[in-house]
Participant: 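Please find one structure pasted underneath; my questions will follow.
Scope of the values below: all heavy atoms of this structure, side chains included, with no hydrogens, waters or symmetry mates. Read the numbers this way: they start at 1 and go in the same order the structure lists the ligands and their atoms. Sequence positions, counted from 1, serve as the residue numbers for this chain.
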Amino acid sequence: MKNLIAGNWKMNPNSKKEAQELFDAVKKGIKDVASEVVICPPDLFLSSLKGSALGAQNIFWEEKGAFTGEISAVMLKDLGVEYVIIGHSERRKYFGETDETVNKKIKKALEVGLKIIFCVGETAEEREQGETQEVLQRQIQQGLKDVVDIDNINVAYEPVWAIGTGNNCSVEETKESIDFIRKFVKPETIIIYGGSVKSENSGAYIKQAGANGLLVGGASLDAEEFLKIVKSAE
Ligand code: PEP
C-alpha cells in the first residue's frame, strides 16, 4: 500500500505566480518518491497546475444548475482533478457542513470517479468529555451512509484541536483513533493523520501510529518543509 501525502493549501497563496512556484518546487522534489503526493490548491489554480496529482478542497453535491458560487464534482473530473477533500473541519465549522451534506458530497464524488479524502475528528471539548470514539463513529457511519463501495475512500483522522494550532496529537492517541477508525472501513483502506504536521513529527505518525500517510495544511505552503515531510514517509 502506497502512503498518501496530501497538501491542503486552504485559501493560499494570493497569486497564480506564487501558486505556480510552490507547485513547481514540490513537483521537482517528489519525482522519485514512493508515496502518492497530492496537492490541493484553491479551485482557481487547478487548471494551470499540471504534472502532479491534484485534489480539490470541496465540491457541491449537485451536478449543475442554479447554485451560485459552487463547483461540481463533474467539473473537477473534467479538469483532470483526481482527489477531493470532503468534510474538512473548517468546512464543518465555517460553512455549515453536516454529516448529511458530507454524505451527499461523498456519494456524488464516488459516482463521478473522484478519490476522496474524508476528514473526521473530534473537537477539544468532545475529547475532554470522553466522546472521541462516539464522534468518530457517528461521522464515519453517517458520512458513509448507503455507500456500498469504499475503494476510493481515504479517511483522514484530523482532531479539530490539532489543526493549525501547533498542538499536534500524540502518537499514542493517534494510534488509538486510527485503530478505532479501522473497525469501520476495509483492512486496505488508507487512513491518514492531519493536524499540525511538521517534518519533526511527521515520520512518527507513519512509523509508530500506523497512519498510511498525512494531510498537511500550513506546512504544505513551504516547499522545503513539505518535501521533508514527504521524505519522512519513505
Ligand atoms: C488541514 O488543513 O487539514 C491541516 C491539518 O492543517 P495544519 O497542518 O495546518 O494543522
Participant: So which heavy atom in the protein is nearest atom 1 (C) of ligand 1, and how far is it from that ligand atom?
Facilitator: His88 NE2, 3.2 Å
Participant: For ligand 1, which atoms sit closer than 4.0 Å to a heavy atom of Ser196?
Facilitator: 7 (P), 8 (O), 10 (O)
Participant: Show your working on salt bridge (charged side-chain N to carboxylate O under 4.0 Å, His left out) between Lys108 and Glu111 and close with a plain yes or no.
Facilitator: CA-CA 5 Å; Lys108 181 51 78 177; Glu111 191 186 309; 3.1 Å; yes
Participant: Does Gly218 reach ligand 1 with a nitrogen or oxygen that is under 3.5 Å from one of the ligand's nitrogen or oxygen atoms?
Facilitator: yes
Participant: Do ligand 1 and Val216 have nitrogen or oxygen atoms that lie under 3.5 Å from each other?
Facilitator: no
Participant: Just which atoms of ligand 1 are under 4.0 Å from any heavy atom in Gly164?
Facilitator: 7 (P), 9 (O), 10 (O)
Participant: Going by the angle between their ring planes, with limits at 30° and 60°, are Phe67 and Phe60 parallel, tilted or perpendicular?
Facilitator: tilted
Participant: Please work out whether any backbone atom (N, CA, C, O) or any side-chain heavy atom from C-beta onward of Ala162 is under 4.0 Å from ligand 1, and answer side chain, backbone, both or neither.
Facilitator: backbone
Participant: If you count heavy atoms of other groups shown closer than 6.0 angstrom to CE of Met1, is the number above 12?
Facilitator: yes
Participant: When you look at Cys119 and Ile86, which way does the side-chain contact (heavy atoms from CB on, under 4.5 Å) test go after all the steps?
Facilitator: CA-CA 6 Å; Cys119 299; Ile86 297 182; over 6 Å; no
Participant: Could you tell me, atom by atom, which parts of ligand 1 come under 4.0 Å of a heavy atom of Gly195?
Facilitator: 5 (C), 10 (O)
Participant: Give the residue, atom name and distance (to 0.1 Å) of the protein heavy atom nearest atom 5 (C) of ligand 1.
Facilitator: Glu158 OE2, 3.0 Å
Participant: Any chain of hydrophobic side-chain contacts (each under 4.5 Å) joining Leu79 to Val38?
Facilitator: no
Participant: Tell me whether the count of non-hydrogen atoms from other residues, nucleotides or ligands lying under 6.0 Å of CG in Asp151 goes above 12.
Facilitator: yes
Participant: Where is the nearest protein heavy atom to atom 8 (O) of ligand 1: which residue, which atom, and how far?
Facilitator: Gly217 N, 2.8 Å
Participant: Determine whether Ile85 and Leu136 fall in the same hydrophobic cluster, where Ile, Leu, Val, Met, Phe, Trp and Tyr are linked whenever their side-chain heavy atoms lie under 4.5 Å apart.
Facilitator: no
Participant: Counting only heavy atoms closer than 4.0 Å, does ligand 1 sit against the backbone of Leu215, its side chain, both, or neither?
Facilitator: both
